[in-house]
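Side-chain atoms are counted along with the backbone in the values below, which use heavy atoms only and exclude waters and symmetry mates. Naming convention: chains lettered A, B, ... in sequence-line order (proteins, then strands); numbering from 1 in each chain.
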Amino acid sequence: MAVALSLFSAKSLTTAATVSPFPDNPKTLILEQCKTIKDLNQIHAHVIKTGYLFNPRVAENLLESSAILLPGSMDYALSIFRVIDEPNPAAYNILIRGFTSKQFPENALMLFRQMREDGVLPDKYTFPCILKACSRLRALEEGEQIHAQIAKFGLGSYGFVQNTLIHMYANCGEVEVARRVFDGMLEKEIITWNAMFAGYTKSGHWEEVVNLFDIMLKSDVEFDEVTLISVLTACGRLGDLELGEWIHEYIEAKNLKGSLNLITSLVDMYAKCGRVDTARKLFDEMPRRDVVAWSAMISGYSQSNQCKQALSLFHEMQRQNVAPNEVTMVSVLSSCAVLGALEMGKWVHSFIKRKRMKLTVTLGTALMDFYAKCGSVEYSIEVFEKMPSKNVLTWTVLIQGLASNGQGRRALEVFSVMQEKEIQPNDVTFIGVLSACSHGGLVEEGRSFFISMSRDFGIEPRIEHYGCMVDILGRAGLIEEAYQFIKNMPIEPNAIVWRTLLASCKVHKNVEIGEKSFHQLVTLGPAHSGDYILMSNVYASVGRWEDALNVRGQMKEKGIKKTPGCSLIELDGMIHEFFAEDSAHPHSKEIYSAIEGIMSRIKLAGYVPNTAEARLDAEEDEKESSVSHHSEKLAIAFGLIRTSPGTTIRISKNLRVCTDCHSATKLISKVFNREIVVRDHNRFHHFREGICSCNDYW
DNA sequence: GTAGGGTTAG
C-alpha cells in the first residue's frame with residue numbers, strides 16, 4: 001500500500017494536474033496493492049475528495065479491485081458502481097464477473113437484466129461470464145434466452161462464447177444440445193474439446209468421453225493434460241483399464257508426470273479399475289500430495305473394500321499434517337461404517353465439528369449412514385435433523401437405517417413424510433421401504449408398496465425388489481406363496497432370491513420347498529458353501545440327521561470349503577480382524593485356549609450350545625469343539641478381553657449370523673454383563689442383559 | 001477483461 005498511498009500524498013496532489021496519479025499502468029499501482037477493504041476505503045475517499053471518481057478509468061479500476069480481487073467486497077463494488085453516471089459495458093462486465101466468481105450468480109443474472117433494461121449493449125466479454133452464471137445456477141431457461149441474444153448480437157461464432165455455451169448446456173443437463181453446439185463449430189480449440197469432455201464428465205456420460213476421445217485421436221487433434229484428466233476419470237468409472245494404461249504410458253513417454261492433477265487422476269483410475277496397489281505405488285511416488293490426492297487414494301481403498309487401509313492412510317495423512325476436507329471425511333466415514341468402527345467414526349464427527357466443516361449433503365448422508373450401520377440410529381436421526389440440505393439419498397439412508405435397526409414402522413412413516421415433501425423416491429428408496437416391511441413383518445404393506453412402485457412411481461422392480469418381496473413372504477412363513485411369486489417373476493430369479501427362500505425354509509421348517517430352492521441353487525452354480533449348510537440345516541430342523549449329514553457329504557465331495565468367518569471388532573477405538581481358526585491375532589491364543597474353561601461357566605448359566613448345527617459341525621470335523629461357531633467364539637473371547645465396564649462390544653460379520661450365534665451373544669451379554677451389538681447382514685441385534693432390544697421376529 | 005481439469009454418500 002505504501003506506494004499507492006504515497007501517490008495521494010499532499011505533494012503528489014499538488015502536481016496532479018501535470019502528473020497523473022494513474023500513470024500508464026494504474027492497475028499495478030492500485031489493484032495489486034489493495035489487500036483489504038480498508039486499503040480500498042482510503043483510496044476511495046481520496047478519489048471522491050479529489051473528484052477523480054468521475055474519471056471512468058479510475059472508477060473502473062476501483063470497481064475491478066473491489067469486485068474481482070478482494071474477497072467479500074461486492075457491496076463495496078456496488079456502491080462504487082451506483083455513482084458511475086452512465087456505466088459502460090466494461091463496468092457491467094466487471095460486476096457480472098465479480099458476482100459470478102464470488103458465488104452470487106443470481107445477482108450476476110439480475111445485473112445482466114438491468115444492463116439490458118438500461119439499453120447497454122452486451123459485448124463479447126459479457127456473454128461468457130453470464131453463461132457461466134447460468135451454468136452455476138443450472139438456469140437452463142435463462143441460458144437459452146441468452147443463447148438467442150448471442151445469435152442476435154452476431155456473437156454466435158465467437159470461440160469464447162461457444163465454449164461457454166457448451167459448458168452451460170452440459171451443466172444444465174442438456175449434453176445433447178451441448179454436443180450440437182460442439183458439432184456446429186468449424187474451428188475447435190483444445191478448450192472446446194475439453195469443455196465437451198467436462199460436460200460429459202459432469203453428467204456421468206462416461207462412454208461418450210471415451211468415444212469422443214477416440215474421435216479426437218483419429219482426427220489428429222492435439223490434446224493436453226486437461227483432456228487426459230477427463231478421459232482418465234471416465235476410464236475409472238467404466239473400468240477401462242486398457243485405455244487408462246495407454247494414457248499412463250503416454251504420460252511416461254511425454255514426461256508429464258510433473259502434473260499433480262494428472263497423477264491424481266491416474267491414481268483414481270487405477271484404484272477404480274481394481275488396481276489399488278498400482279494406485280498406491282503412483283501415490284507414494286508423487287513428489288507432492290495435496291488434499292485431493294490423499295482423498296483419491298483413501299476413497300480408492302474404501303471403494304475397493306479395503307477399509308482398514310483407508311483408515312490407516314487417513315491416519316498417515318494426519319501425521320503428515322495435510323488438512324482433510326469434506327470429501328476426505330466422506331470416504332473415512334464410509335470406511336468406518338463398513339468396519340463398524342463406532343468410536344473412530346464418533347471421533348470423525350467431532351473432528352468435523354471442530355474444524356467447522358460444512359455439513360454438505362454428501363457428508364451428512366455419509367455420517368448418517370455410518371451411525372445407522374453401527375447401530376446408533378438415534379444419532380443418525382440427529383444428523384438428519386441438523387442437515388441444511390437433503391436429497392433422495394439422505395432420505396433413503398434414513399429409511400434403510402431405521403429398517404435395519406428394527407424400526408420398520410418408523411421407516412415407513414419417514415417414507416410418507418418424504419412424499420409430503422415431494423422428494424421423488426428412486427429404486428433404492430424402495431429397497432429400503434421393502435426391507436422395512438420384511439423387517440417389521442408388514443406383509444400387506446409390502447405387497448402394496450411392491451405394486452405401487454411401478455404403478456404410481458414408474459419404477460420397474462429390479463431383482464433386488466423381487467428378492468425383498470420373497471424375504472417378506474418367506475419370513476412371514478408364507479413359503480408356498482413366496483415360491484409361486486418366484487415362479488411368476490418376469491425376470492430370471494438369481495441365486496440370492498433362491499437363497500432367501502431357502503433361509504426361510506430353515507426357519508419355518510419347510511423341507512419340500514427347501515429342497516426345490518436348493519436344487520435351483522445347485523443348477524444355477526457355482527455352488528456356495530452357505531447353501532449346503534442351509535440345506536443341511538433345513539433337514540436338521542426337522543430331525544432328519546442322515547439327510548443333513550448327506551448334504552454336508554456332498555459339499556465335501558465337490559470340494560466346497562466353508563468360507564471362514566471373518567469378524568471385525570472395535571475395542572476402545574481399535575479395529576481387530578478375527579478369522580475363524582485364526583491364530584495370528586494377538587488375542588487368538590489366549591481366546592481359544594480359554595474357551596474350555598469359559599464353557600463351564602456358560603454351562604453353569606444354563607446354556608446348552610449343542611444345537612443341531614453345532615452338532616453337525618462337530619461330527620464333521622473332530623478338531624471343532626462343540627463351540628463351533630465363529631461368532632460364538634468371539635462372543636466368548638470378548639468375555640475374556642478386559643474392557644472397561646459398559647464398553648459396547650460390536651461384532652460385524654460378513655456372513656449371516658445363525659440363530660445359534662445369536663443365542664451365544666445373548667448369553668454372553670448376560671453372563672458378562674456387557675452390551676453386545678451384532679451386525680448381521682446390516683441387521684442389528686442389541687443385546688443387554690440377555691435381552692435383544694430389536695424387534696426382529698426371527 | 002472473458003472459457004476447460006483431479007477426490008465424496010444409499
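- Residue A:Ser331 has its side chain nearest to B:dT8 when only B:dT8, B:dT7, B:dG4 are considered.
- Atom pair A:Ile94:CD1 and B:dT2:C1' shows a separation of 12 Å (rounding to whole Å applied).
- In this structure, A:Lys390 reaches neither bases nor backbone, as no heavy-atom distance under 4.0 Å exists between it and the strands shown.
- Here the side chains of A:Phe127 and A:Tyr158 are not in contact, with every heavy-atom distance at 4.5 Å or above.
- B:dG6 atom P lies 11 Å from atom CG of A:Asn194, rounded to whole Å.
- For B:dG4, the OP1/OP2 oxygens have a side-chain nitrogen or oxygen of A:His167 closer than 4.0 Å.
- Among the protein residues, A:Gln162 comes within range of no part of the nucleic acid, since none of its heavy atoms lies under 4.0 Å from any strand.
- Put simply, the side chain of A:Asn426 and the base of B:dG10 share a donor and an acceptor less than 3.5 Å apart.
- Two residues are said to be in side-chain contact when any heavy atoms from C-beta on lie closer than 4.5 Å; A:Phe223 and A:Leu217 meet this criterion.
- Among the protein residues, A:Lys132 comes within range of the sugar-phosphate backbone only, with heavy atoms under 4.0 Å from sugar or phosphate atoms but none that close to a base.
- Interface remark: the A:Thr264 side chain does form a donor-acceptor pair with the B:dG6 base, using a distance-only criterion of under 3.5 Å.
- Here B:dG5 presents its P atom at 15 Å from CG of A:Leu228, a figure rounded to the nearest Å.
- Here A:Arg138 pairs with nothing under the salt bridge (charged side-chain N to carboxylate O under 4.0 Å, His left out) rule; sequence neighbours left out.
- Distances were taken from every side-chain heavy atom of A:Ala90 (C-beta onward) to each of B:dG1, B:dT2, B:dG5; the shortest belongs to B:dG1.
- Rounded to whole Å, the distance from CZ on A:Arg237 to P on B:dG6 is 10 Å.
- Side-chain atoms of A:Thr201 lie closest to B:dG6 of the nucleotides B:dG6, B:dA3, B:dT7.
- Distances from the side chain of A:Pro128 to the nucleotides B:dT8, B:dT2, B:dG10 place B:dT2 closest.
- Separation of the A:Phe415 and A:Trp395 ring centroids does not fall under the 6.0 Å cut-off.
- Using a 4.0 Å cut-off, no side-chain N or O of A:Gln303 falls inside it from OP1 or OP2 of B:dT7.
- Residue-level contact check: A:Ser299 touches the backbone only, with heavy atoms under 4.0 Å from sugar-phosphate atoms and none from bases.
- In this structure, A:Val397 reaches the sugar-phosphate backbone alone: every heavy-atom distance under 4.0 Å involves primed, P, OP1 or OP2 atoms, never a base.
- Between B:dG10, B:dG6, B:dT7, one nucleotide has an atom nearer to the side chain of A:Val428 than all others, and that is B:dG10.
- A donor-acceptor contact shorter than 3.5 Å links the side chain of A:Asp224 to the backbone of A:Thr227.
- Rounded to whole angstrom, the span from the CD1 atom of A:Ile459 across to the P atom of B:dG10 amounts to 19 Å.
- The residue A:Asp369 sits close only to the backbone: its heavy atoms come under 4.0 Å of sugar-phosphate atoms, none of a base.
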- Using the side-chain hydrogen bond (donor to acceptor under 3.5 Å, both in side chains) rule, take A:Glu316 and A:Gln320 through it: C-alpha gap first, then chi angles, then the decisive distance, then the call. CA-CA 6 Å; A:Glu316 182 59 31; A:Gln320 298 205 9; 2.9 Å; yes
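- Comparing B:dT8, B:dG5, B:dT7 against the side chain of A:Val292 picks out B:dT7 as the nearest.
- As judged by a 4.0 angstrom heavy-atom cut-off over every strand, A:Ser295 is placed among the base-contacting residues.
- In this pair, A:Phe160 lays its aromatic ring flat on the base of B:dT2, centres within 5.5 Å and planes under 30 degrees apart.
- Taking atom OH of A:Tyr92 as the reference point, atom C1' of B:dG1 lies 18 Å away to the nearest angstrom.
- Here the nucleotide nearest the side chain of A:Ile191, chosen from B:dG4, B:dG5, B:dT8, is B:dG4.
- With sequence neighbours excluded, no residue forms a salt bridge (charged side-chain N to carboxylate O under 4.0 Å, His left out) with A:Arg136.
- A:Asn88 has its CG atom 12 Å from the C1' atom of B:dG1, to the nearest Å.
- In this structure, A:Arg136 reaches neither bases nor backbone, as no heavy-atom distance under 4.0 Å exists between it and the strands shown.
- With B:dG10, B:dG4, B:dA3 as the choices, the nucleotide that has an atom nearest any side-chain atom of A:Ile190 turns out to be B:dG4.
- Taking every side-chain heavy atom of A:Asn261 into account, B:dG6 is the closest of B:dG1, B:dG6, B:dA3.
- Rounding to whole angstrom units, CG of residue A:Asn325 and C1' of B:dT8 are separated by 9 Å.
- Among the nucleotides B:dG5, B:dA9, B:dT7, the one closest to any side-chain atom of A:Lys272 is B:dT7.
- Side-chain to base pairing of A:Glu189 with B:dG4: no donor and acceptor N or O lie closer than 3.5 Å to each other.
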